[in-house]
Amino acid sequence: MEEQHEDHGHSTAAWTGVGIILLGTAIASVAVVVPSLVLGIIGAVVIVAGIVAGKLLSMAGYGSDGHHAQGGSIVDAPDELGVETIGKS
């Protein structure tokens, strides 16, 4: 049986995109509490900018499969057999 490897999106592109989307969501939430169409539009634009930023960074190689995904020698937690893996997650 083939071993499945799940990355869960731990990459610079994913973290950046989600961070910007969360900021946009916070702005849009304030727009709901304090009824403001301008803040709602700004929140929506920031959310779309987060999606675009995440996609662009992923295309630039900062995604989970990119060459910048794990630079340097990174030692992760031991796997199921107790063997350390270097540069793999």
Side-chain angles (χ1 to χ4, degrees):
M1 186 166 171
E2 185 177 325
E3 179 180 335
Q4 292 183 356
H5 177 71
E6 293 184 29
D7 190 13
H8 300 290
H10 296 295
S11 68
T12 304
W15 282 102
T16 303
V18 168
I20 295 171
I21 291 169
L22 285 173
L23 176 65
T25 304
I27 294 170
S29 298
V30 171
V32 170
V33 174
V34 180
S36 172
L37 181 61
V38 174
L39 277 179
I41 292 172
I42 291 171
V45 169
V46 172
I47 290 170
V48 171
I51 295 169
V52 171
K55 182 64 177 172
L56 288 176
L57 283 171
S58 179
M59 290 170 53
Y62 290 95
S64 60
D65 294 331
H67 61 278
H68 296 291
Q70 294 197 357
S73 61
I74 297 175
V75 178
D76 291 335
D79 63 4
E80 293 83 17
L81 300 175
V83 179
E84 289 186 352
T85 58
I86 298 176
K88 297 181 181 179
S89 59

Open item on the list: If I compare all heavy atoms of Ala31 with all of Gly40, which pair ends up nearest, and what's the gap?
Closed with: CB-N, 3.3 Å

- [ ] To the nearest 0.5 angstrom, please state how far the CD1 atom of Ile20 sits from the CD1 atom of Ile47.
- [x] 11.5 Å

Open item on the list: For a quick test of reading the model, state the closest non-hydrogen atom pair linking Ala13 to Ser58 and the distance between them.
Closed with: CB-N, 3.5 Å

Task: Separation of Leu22 CG from Ile27 CD1 (nearest 0.5 Å) - done: 11.5 Å

Open item on the list: Looking at every non-hydrogen atom in both residues, tell me the closest pair between Thr12 and Leu57 and how far apart they are.
Closed with: O-CD1, 4.4 Å

- [ ] Identify whether Val45 and Leu37 are in the same connected component of the hydrophobic contact network (ILVMFWY, side-chain heavy atoms under 4.5 Å).
- [x] yes

Open item on the list: Are Leu56 and Trp15 linked, directly or through intermediate hydrophobic residues, by side-chain heavy-atom contacts shorter than 4.5 Å (ILVMFWY only)?
Closed with: no

TODO: Taking Thr25 for its side chain and Ile21 for its backbone only, find out whether a donor-acceptor pair lies under 3.5 Å.
DONE: yes

